[in-house]
Number of protein chains: 2
Amino acid sequence: MALDQHEVPDIVVGRLPVYLRALSAMKSGGKQYTSSHELAEWLGISSAQIRKDLSHFGEFGKQGTGYSVIGLYDELRQILHLDQDWPLIIVGAGNIGSAVASYTGFSHRGFRVVGLFDNDPTKIGAQIGGLTVQSNNEIPQFVADSHTQHAMITVPAQYAQQVADILVASGIKAILNYAPINLNVPHNVHVEYIDPVLHLQKMTYYL
Amino acid sequence: MALDQHEVPDIVVGRLPVYLRALSAMKSGGKQYTSSHELAEWLGISSAQIRKDLSHFGEFGKQGTGYSVIGLYDELRQILHLDQDWPLIIVGAGNIGSAVASYTGFSHRGFRVVGLFDNDPTKIGAQIGGLTVQSNNEIPQFVADSHTQHAMITVPAQYAQQVADILVASGIKAILNYAPINLNVPHNVHVEYIDPVLHLQKMTYYL
DNA sequence: ACCAGTTTGTTCATACTAGCACAAGCGCGC
DNA sequence: GCGCGCTTGTGCTAGTATGAACAAACTGGT
Ligand SMILES: NC(=O)c1ccc[n+]([C@@H]2O[C@H](COP(=O)([O-])OP(=O)(O)OC[C@H]3O[C@@H](n4cnc5c(N)ncnc54)[C@H](O)[C@@H]3O)[C@@H](O)[C@H]2O)c1
Ligand SMILES: NC(=O)c1ccc[n+]([C@@H]2O[C@H](COP(=O)([O-])OP(=O)(O)OC[C@H]3O[C@@H](n4cnc5c(N)ncnc54)[C@H](O)[C@@H]3O)[C@@H](O)[C@H]2O)c1
């Protein structure tokens, strides 16, 4: 029964959302109980890893039975602070920004897109995914008023850093960057990256 | 001077595209030489790691000078088999599939989108990103004719597995899956995943 | 030619990660 | 009540990854 007194490894935290995603699918499928073995096969990893990962946070299973799907789902949501809806803004209303803004997959997983920004005057005012595109100038005020801590950057690479600077100055604490460039931010701001080409290139090594 | 007789760790292979991306930016900036220290600071990792990663493949630097940007760039492209353009198909011509199909960022990084497929009759025949949307039925023949080995899946989660099965049966060897679900494929087929929500959820743990 | 400054490739020690294996616990059927 | 089959949580071991440190090597200036 190890509680999170000790630091939980980053790599473990990164797997929790994957477990949550699988549990969500099981829940939708009407499944009531699962086991570390079943989850492991589902996800293609070892069952011991799942048990050990979860043991960082408490004891959620029952010997002989396994885990209650809904029970573990709720526990993980709490651990990840997803038992609330986090507001989220997107900067860059281009191809990918528009697609993401229209994406309905955030709502049941802890996030809600509340703002979409661009600096192109011809785009400001347009309606995309139920949102009105706003000017970059509105970002600081909007972030403050809405208490938003999450942002996605979907602008061309050469503008990504300046957008990041605006976001950091506005109080954003977590940035998901789609632009293929590494960002410089203070240590208390978290950044993650999405670049499909990186994945493709990695796989190509093995072909 | 360790050549790749021994197995190169997967995690190392995964970093090579990141190095390549940074080198590409330096190249565009007109930079001629760089060092492991400069790259490390740029990317926020340790310089020793960069040197050791590269040492798996050969000796590309010169003491006192560092690395030729173009030289290392070309070496990495060869190592990753990116000194050619790989054809790439996309299945699912919805929001995200259309955005990706229109993305111009593949062309200079080793890939070229050559086909876009959907099973919705109202979408087949449409023009998106310079491509004509084709029916799923065309996939096997198209893949065979074009010798395509890379595919991206951008269909709703519940159809992702069946699309993956079609792709595997058609001869695709590398799949980048945007749907939030784990795929079952033979061991000789590589799969990578992109799910923005996973990244957001991970960062939320620390907030 | 030599020295000072720099940077590589590699060695070595430390830290981290993954998975085996098993005691302890639970449920079910008889 | 009792035994059998199953599953958890964790100690331990083996395997991996990381980063500090350093000898060797190269450059440029004097
Ligand atoms: N489209 C894709 O599939 C895809 C995939 C991976 C990565 N990306 C990356 O995502 C980013 C956007 O790609 P895209 O295809 O949507 O490009 P895009 O040109 O369609 O959209 C970019 C948008 O950003 C806006 N913009 C530019 N500078 C800005 C600024 N300073 N502040 C606010 N808005 C600004 C532009 O007005 C435009 O609307 C790029 O960095 C690209 O490399 C795109
Ligand atoms: N839009 C985003 O920003 C975003 C982000 C992350 C992940 N995703 C994921 O990407 C996928 C697509 O999202 P979207 O927003 O583009 O959805 P969408 O509904 O706009 O597009 C899905 C497309 O797939 C097609 N399709 C359905 N079944 C098919 C099949 N069997 N064969 C071929 N085509 C088929 C549909 O006709 C439609 O055109 C989803 O799994 C979603 O979860 C989307």
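Nothing here was measured: the structure is a model prediction, and the numbers come from that model. Protein chains get the first letters and strands the later ones, always in sequence-line order, with residue 1 at the start of each.
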Worksheet item: Whole Å only: how far is the CG atom of Asp10(B) from the P atom of dA17(D)?
Response: 9 Å
Worksheet item: Can you check the Arg15(B) CZ to dT18(D) C1' distance for me, whole Å?
Response: 9 Å
Response to the item:
Here the distance between atom C1' of dA24(D) and atom NZ of Lys62(B), to the nearest Å, is 16 Å
Worksheet item: What nucleic acid atoms does Ile11(A) come within less than 4.0 Å of, heavy atoms only: base, sugar-phosphate, or nothing?
Response: sugar-phosphate
Fill in: Under 3.5 Å side-chain donor-acceptor pair for Asp165(A) and Gln161(A)
yes
Worksheet item: Is the Tyr193(A)-Tyr178(A) ring centre distance short of 6.0 angstrom?
Response: no
Discussion item. Using salt bridge (Lys or Arg N to Asp or Glu O under 4.0 Å), reason through Asp83(B) and Arg77(B) one step at a time and then give a plain yes or no.
Written reply: CA-CA 6 Å; Asp83(B) 43 0; Arg77(B) 292 218 312 169; over 6 Å; no
Worksheet item: Which comes earlier along DNA chain D counting from the 5' end, the contact point of Thr65(A) or that of Arg51(B), where each point is its nearest nucleotide?
Response: Thr65(A)
Item to complete: May I ask you to say whether Asp195(A) pairs ionically with Arg109(B), meaning some side-chain N is under 4.0 Å from a carboxylate O?
Response: yes
Practice prompt. Could you check how far CD1 of Ile50(A) sits from P of dT8(D), rounded to whole Å?
Written response: 9 Å
Fill in: Gap between atoms CD and P, on Gln49(A) and dT10(D) respectively (whole Å)
16 Å
Item to complete: Using a heavy-atom cut-off of under 4.0 Å over every strand shown, decide if Ser47(B) touches base, sugar-phosphate, or nothing.
Response: nothing
Practice prompt. Side chain of Tyr67(A) only, please: which of dT8(C), dT17(C), dT8(D) is the nearest?
Written response: dT8(D)
Response to the item:
From CD of Glu38(B) across to C1' of dT7(C) the rounded distance in Å is 12 Å
Worksheet, complete the sentence: His37(B) atom NE2 is separated from dT8(C) atom P, nearest whole Å, by 6 Å
Discussion item. Quick check: any donor-acceptor pair below 3.5 Å linking the side-chain of Lys52(B) to the base of dG9(C)?
Written reply: no
Item to complete: For Leu54(A) and dG9(D), give me the distance from atom CG to atom P, rounded to whole Å.
Response: 7 Å
Response to the item:
Per nearest nucleotide of DNA chain D, the residue lying toward the 5' end, Ala48(A) or Gly64(A), is Gly64(A)
Fill in: Under 4.0 angstrom between Ser55(A) side-chain N/O and dG9(D) OP1 or OP2
no
Worksheet item: Any chance the side chains of Asp10(A) and Tyr206(B) put a donor and an acceptor closer than 3.5 Å?
Response: yes
